[in-house]
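Chain letters run A, B, ... following the sequence lines, proteins first, then strands; residues in each count from 1.
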Amino acid sequence: MKLINKFIKSKEDLILGLFGLSLFLILWAEAAQLKWIAPIFISSPGEVTKEVIIMFQNRTIFPHLAISLTEFLLGFSAAAFLGIIFGILIGWYKKLRGLTSLLIFALYSTPTIAILPLIVIWLGFDIWTKVLIVFLSAFFPILINTMSGVENLNSDLIRLGRSFGANDLAIFRTIALPGSLPFIVTGLRLAVTRGMIGMLIGEFYVSNKGLGYLITSYGSSFQTSKFLAVVLLVVLIGITLTQTIGLLENKLKSWKISRD
Amino acid sequence: MAKQNGAYISFENMSLTYFNPIKNLSTEALRNISLKVYQGEFVTIVGPSGCGKTSLLYCLGGLINPTKGNLTVKGKTAVVFQDSLLLPWRTVLGNVVYGLEIQKIKKSEVQSKARQVIKLVGLSDFENYHPYELSGGMKQRVNLARALCTEPEVLLLDEPFAHLDAQTRELMQQELINISQKNKKTFIFVTHQIDEAIFLADKIIVLSKKPGTIKEIIKVNLPKPRTLNLKNTAKFAKIKKHVWRLISNEVN
């Protein structure tokens, strides 16, 4: 009994969370079952689950999943790579920071969707349009977090590096990069969400394939169960990606908390 | 005997002025420092707070350039900072190899050298610990080991034991004495603790208040090897009184 109590205590948040989720699902199921709200508006948990299973069984979802993930991963990797490099450089060199600060601020504040028409003019309806949108959405959170990570570096650690004769490149590699890693990972986590939104928006407007395309086409043809099934997939992908990065974040926290 | 090798470090009329471009303000930190240090000497620097002790050390380490005069340092230097300044994401071993890694020494060589130094400072069992798992005294040992690992001819220590409790500090002083007697390294040790300055030194440099000038150079002819008992002798007390008077004259 004591052991069970202890188990419940330690997992209290999780147990409460699962309880809340089940309550929501039951209410949803009841609402659909008892026709409180017409199924066309809300479908039902059972129907949505069924649609997910069907999508995988008849493999219709795979090409869409593949194209969406390709767009996302290409755009996100490029954003991570360039965001970290430029973040370190801009965070490090004060002059460069002054030069770019307004531009970065303006671009970060611009909703990517506002420049979507321009991107279409550049790249047409190609996959690269979506890759670029994902890139633009994900780039700035990574850039800005990396910058603040570098700006917040303990300047004494840099002096330490210098005392052993480290040049700028060695300082980047051994102090600036690892020292701002917790910030970078936070940037990556924010960028996942923004990148997913970018991917969906791109597919909403300029696509005939992909999860975003499925969402709009099922939505506009009132196939609510199928529509929600795709949304559920998007949610699951988002959770998986952010949780993976969250794990990394927790691992880094151990020394970050104890940092002077 | 040491003098046959010539001066390892020599200051000739060195002055240092800091300039703050934002406030358009210059502050004279050090004035007309002339000093020679020979190989194997243990030199401690004391003085009232703000007298430029740390600045002097940073000049030696090449972290600041003197404004006027000459400063030559023969051989490699390594700095032991006041705060341990360990890289929090690296283990003890990772921190100790840091200096050599920057100086591009082969990895295999670095590891074995680092383990020797870690053993020397008595942390062999902790080589895979991270700084947040270590006590203040242990962190300072790692700090010291990191500097020793680069095999410097001149070790520059900036109040390395300032944040330690009295007991740990005494133990660390003893350990430092042991290390200095084992190796033929030159030590420059900045401190505000007069006890510590005498106990460790062959030569004490007393600086005046800002701008720091050399007020007196005191030769400490106490026997070696030294143990902590030395602090209770009359000779020790006499030097202590003298240094104390010099510094308190500056403060008042």
Side chain, backbone, both or neither: which part of Arg90(B) has a non-hydrogen atom closer than 4.5 Å to chain A? side chain

Answer with side chain, backbone, both or neither: which region of Leu86(B) has an atom nearer than 4.5 Å to a non-hydrogen atom of chain A?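 The answer is the backbone of Leu86(B).
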
Other residues, nucleotides, ligands: >12 heavy atoms within 6.0 Å of [X] [atom1]:
X	atom1	answer
Lys210(B)	NZ	no
Asp13(A)	CG	no
Trp92(A)	CH2	yes
Tyr18(B)	OH	yes
Phe204(A)	CZ	yes
Lys76(B)	NZ	yes
Phe19(B)	CZ	yes
Phe86(A)	CZ	no

Is any side-chain heavy atom of Phe164(A) less than 4.5 Å from a side-chain heavy atom of Glu101(B)? no

Interatomic distance, [X] atom [atom1] to [Y] atom [atom2] [nearest 0.5 angstrom]:
X	Y	atom1	atom2	answer
Arg159(A)	Tyr58(B)	CZ	OH	4.5 Å
Leu160(A)	Asn143(B)	CG	CG	8.0 Å
Tyr98(B)	Leu157(A)	OH	CG	8.5 Å
Asp156(A)	Gln82(B)	CG	CD	9.5 Å
Ser163(A)	Asp158(B)	OG	CG	11.5 Å
Arg162(A)	Ile64(B)	CZ	CD1	14.0 Å

Side chain, backbone, both or neither of Ile171(A) within contact of chain B (heavy atoms, under 4.5 Å):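 Neither; nothing under 4.5 Å.
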
Contact residues of residues 139-150 of chain A (partner chain B; heavy-atom separation under 4.5 angstrom): none

Minimum heavy-atom separation for Ile102(B) and Ala170(A), please, with both atom names.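 The pair with the smallest heavy-atom distance is CD1-CB, 3.9 Å.
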
